[in-house]
Amino acid sequence: MLTLIVAIILLQIIRTSFSGPGLERFEGKLEEVGFFRNENNTGPVLRVYAVKVIEADRETMRAFADAQPHTKYGRTLVFFFSDQIPEKVELAPVEPYFPQEYLPLLLAKFEKTPMGEGRFEVVQP
């Protein structure tokens with residue numbers, strides 16, 4: 001009987017894990033156009049994303065940023081640009097992280113701090 005209960009609980013956990021919403025819910029609204037990750041696997045990991053906003057609102061951008069991976073004591077940065085941004089953006093490991101010619105196209109930015117706190121800031125409405 002105990003084995004049956006454990007098996008049911010295990011199946012429920014697996015089903016719940018795979019049935020949750022994924023990044024496909026952002027298709028047609030947001031498109032990743034750049035990504036950088038430092039190669040530091042023993043210390044803080046830095047992830048930087050550049051995202052083209054096709055059709056999204058603040059809540060969608062925040063949900064997308066929150067869905068990105070984060071490593072304890074690392075930083076995750078997501079920069080949201082208007083749809084005028086090119087298809088590929090070269091990102092760097094140091095500020096300003098992206099070419100400054102794209103600054104006028106920046107709509108919002110998100111940072112997940114080393115302690116996991118998310119900070120979302122709208123730059124342009």
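Hydrogens, waters and symmetry mates play no part in the numbers below; they use all other heavy atoms, side chains included.
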Which value, rounded to the nearest 0.5 Å, describes the distance between Glu31 atom CD and Lys29 atom NZ? 15.0 Å
Looking at His70 and Thr113, would you say the former's side chain and the latter's main chain have a donor-acceptor pair under 3.5 Å? yes
Parallel, tilted or perpendicular: rings of Phe110 and Phe120 (30°, 60°): tilted
Note: Pro69 and Arg47 closest approach over all heavy atoms is O-CD, 3.7 Å
Separation of Phe98 CZ from Ile85 CD1 (nearest 0.5 Å): 8.0 Å
Closest non-hydrogen contact found for Pro96 with Gln100 is CB-NE2, 2.9 Å
Inter-residue atom distance Phe80.CZ - Arg58.CZ, 0.5 Å rounding: 12.5 Å
Inter-residue atom distance Glu111.CD - Glu117.CD, 0.5 Å rounding: 8.5 Å
Look up atom CD in Gln68 and atom OG1 in Thr76, then write down how far apart they are to the nearest 0.5 Å. 8.0 Å
If you group Ile, Leu, Val, Met, Phe, Trp and Tyr by side-chain heavy-atom gaps below 4.5 Å, do Leu103 and Phe79 land in one group? yes
Can you name the closest pair of heavy atoms from Asn38 and Leu46 and give their distance? OD1-N, 2.8 Å
Where Lys52 and Asp83 come nearest, the two heavy atoms and their spacing: CG-CA, 3.7 Å
Say whether Leu77 and Tyr73 are linked into one hydrophobic cluster, either directly or through other cluster members, by side-chain heavy-atom distances under 4.5 angstrom. no
Using a 6.0 Å cut-off, check whether atom CD of Glu90 has over 12 heavy atoms from anything other than its own residue. no
Side-chain donor or acceptor of Ser82 paired with backbone N/O of Leu107 under 3.5 Å: no
Heavy-atom nearest pair, Lys112 first then Asp66, reads NZ-O, 3.7 Å
For the CD atom on Glu95, are there more than 12 heavy atoms of other groups (residues, nucleotides or ligands in this structure) within a distance under 6.0 Å? no
Connected via hydrophobic side-chain network under 4.5 Å: Val6 and Ile14: no
Single-linkage hydrophobic cluster, 4.5 Å side-chain cutoff, Val89 and Val123 together: yes
Phe81 side, atom CZ; Lys109 side, atom NZ - distance, nearest 0.5 Å: 10.5 Å
Phe35 atom CZ: more than 12 heavy-atom contacts under 6.0 Å: yes
